[in-house]
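Given the structure is predicted, the values throughout are model-derived calculations rather than measurements. Each chain gets a letter, A, B and so on, in the order its sequence line appears, and its residues count up from 1.
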Amino acid sequence: MPHPRLRFPPSPTGYLHIGGARTALYNWLYVKKTGGTLVLRIEDTDTDRSSEESIAGIIEGLEWLGIDWDEGPYFQTDFSADHRRAADKLLQEGKAYRCFCTREELEKKREAALAAKQNVGYDGTCRHLSEDQVEGKLEAGLDSVLRFKVPERQGKIGYHDEVLGRIESSYAEIDDFVIVRSNGSPLYLLCNVVDDIRDRISHVVRGQDHMTNTIKQLLLYEALGAPVPIFAHMPLTLDTKKAKISKRSHGEIVAVQFYRDNGFLPWAFNNFLVLLGWSPGDDREIFSREELIEAFSLDRINKSASIFNYRKGDPKFFTDPKAIAINEHYLRTIPVEELAPQVREVLIDHGLWHDDYDGARHRWFLDTIELIRSRFHVLTDFATMGRAYFSDEYEIEEKPLNKNVLKHPGLKQWLPELADDYEKLSDFSVEHTEKLARVCAEQAGVKPGVIINGMRTVVTGQLAGPSMFDILVTIGQEKVVSRLKKTPQLYP
RNA sequence: GUCCCCAUCGUCUAGUCAGGUCCAGGACACCGGCCUUUCACGCCGGCAACACCGGUUCAAAUCCGGUUGGGGACGCCA
């Protein structure tokens, strides 16, 4: 295999969802590993359901993930001449035939078969129509579709799947499938094969939901006289009720965009996705881009479906806990310089950005991220839990307000007094602020924790956070003094 | 109904092809402990699985058969 050529062929009928993203990722990884080419092909032949926004959304999603492609985007509808030519050829060569069965008739038969618990496939009504009969119906102006004529052969057809091994199916089990609509437009099964042949696709990596398509497409490759590519069918991703995840039934939680909007690091999300159905064979779970490309292989893709562990209404985890765990791992461990631009974006979005964070206060900005990030899970936490570091307008959370402030009425005096002391401090350092806080506690006759935790609540609005005196120094003398002096306003 | 695929902790998974080193390893989640001004990080410890039945074998998570369960497909969608 000199130069692998793979493709990601989304249909633009909605946003990019995690199943599609994972398929794109696996294709991308294989291409990167083998030095191959990735083709992006938009399969927009379903004109009723395809939309421009959807195309934009899918491309945006791929770009956010960092999944780039080498060719395309191609649009399937731009190649309809190819598809029609292939269909004509099949008809001419007797490998396809006109079928005049109406949708109504077909639907009726289908329902009857289902009700009688009979096989539901096409019964071949039009397969043996004589030329005269076909002419007659055509002259009568009847609509017809083109069906592929599955060869009448004994035995089985099959292929080697890189994930699943040998897959086969009896010829007798395969129904004559429609390849061209009555309006003349060719359908997926055909278009997809014609395009893959033209694009010289060598490897088809797609979901297991395509397995029956693959069997039919094998026939198409043969009929069109083209070599078949290598196939690898990935396991599906199911929900906790073991239903296939879909845009329709799961909504935004399965949309890639949701993860971008909720503070995921793109690479962290890729890292989560790749583990849904693949593992390196050892205990590693966190991979850099280079490590993952190096470790990836098709034959280590799992055979069985994985579950996207999203529990609706879970108060603690807004999505799969493992996804969050991986994201927070990256959030807390990547070089702060790498994280800073992404925090910057979030702060801009929330109106918390100051330009001097790029200039005079850049060091401060980096140090602040370093100080607070170990408690955060997603980027947006910098704008919510971390708000008091970047703005004077922040909320005091109710729980710490009650527990750390209101419970100790004395703080009404102690904290402003401490603020006076802090104001006089010429060296506003961790050592000095701590010393004064402890003196303050001693004079008040309370444990240092009372002063410290009261101060934390007043200064940050939060129940928990980094070491208190690091916070003070980070937020700065002036702001700390001013915030502490306002303590009495918190009491009713 | 027919065909295809799959089956290890709650979840993601290692181990299955080349049977013994597995009374099954890791991660997440959960529970406990240490650390600590809080919370988190970190560290230490714990809970927790080979779907079932039969066969082959000295030996089965691993091989074979069956059962059950789950999923997918069966469209003039992709």
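- Pairing of B:U21, defined by two Watson-Crick or G-U wobble distances under 3.5 Å, is not identified with any nucleotide.
- For the pair A:Phe231 CZ and B:C5 P, the computed distance is 16 Å after rounding to whole Å.
- In this structure, CG of A:Leu238 is placed 12 Å from P of B:U11, rounded to the nearest angstrom.
- Picking from B:G26, B:U37, B:A29 the nucleotide with the shortest atom distance to the side chain of A:Ser467 gives B:U37.
- Of the side-chain N and O atoms in A:Arg375, none sit less than 4.0 angstrom from OP1 or OP2 of B:G42.
- Looking at A:Glu104 and A:Lys109, no side-chain N of the basic residue comes within less than 4.0 Å of a carboxylate O on the acidic one, giving no salt bridge.
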Passes side chain to side chain contact (heavy atoms under 4.5 Å, CB included), A:Phe269 versus A:Ile18? Steps please.
CA-CA 10 Å; A:Phe269 196 64; A:Ile18 57 180; 3.6 Å; yes

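- Nearest nucleotide to the side chain of A:Ser374, out of B:C41, B:C30, B:C77: B:C41.
- As the counterpart of B:A51, B:U67 is assigned, both hydrogen-bonding distances of the Watson-Crick or G-U wobble pattern falling under 3.5 Å.
- Look at the C1' atom in both B:C44 and B:A51: the space between them is 35 Å, to the nearest Å.
- Side chains of A:Leu29 and A:Trp278 form no contact here, defined as non-hydrogen atoms less than 4.5 Å apart.
- One interatomic measurement links the two molecules: CG of A:Asn404 to C1' of B:C39, which rounds to 11 Å at whole-angstrom precision.
- In the set B:C30, B:U2, B:A78, the nucleotide with an atom closest to the side chain of A:Gln76 is B:A78.
- Distance A:Asn119 CG to B:U2 P: 8 Å, rounded to the nearest Å.
- The listed nucleotides are B:A29, B:U37, B:C4; the one nearest the side chain of A:Ala325 is B:A29.
- Rounded to an integer number of Å, the gap from A:Phe287 CZ to B:A27 P is 14 Å.
- Rounded to whole Å, the separation between the C1' atoms of B:A7 and B:A49 comes to 12 Å.
- B:C74 and B:C12 have their C1' atoms separated by 31 Å, given to the nearest Å.
- For A:Tyr26 and A:Phe296, the distance between ring centers is under 6.0 angstrom.
- Atoms CD1 (A:Ile452) and P (B:U37) sit 8 Å apart, rounded to a whole Å.
- When the nucleotides B:A29, B:U13, B:C76 are ranked by their closest atom to the side chain of A:Asn302, B:U13 comes out on top.
- In this pair, A:Tyr259 and A:Phe264 present their aromatic rings perpendicular. The plane angle is above 60°, beyond the 30 to 60° band.
- With B:C77, B:A29, B:C12 as the candidates, the nucleotide lying closest to the side chain of A:Phe317 is B:A29.
- Of the candidate nucleotides B:C76, B:G15, B:A29, B:G15 has the atom lying nearest to any side-chain atom of A:Arg300.
- The side chain of A:Ile307 approaches B:C12 more closely than any other nucleotide in the set B:U13, B:C12, B:U2.
- Taking atom CG on A:Leu472 and atom C1' on B:U37, their separation rounds to 12 Å, with Å as the unit.
- The interatomic distance linking A:His83 (NE2) with B:C77 (C1') rounds to 16 Å, in whole Å.
- A salt bridge links A:Asp176 with A:Arg127: the distance from a Lys NZ or Arg NE/NH1/NH2 to an Asp or Glu carboxylate oxygen falls below 4.0 Å.
- Which of B:U13, B:A73, B:C76 sits closest to the side chain of A:Arg147 comes down to B:C76.
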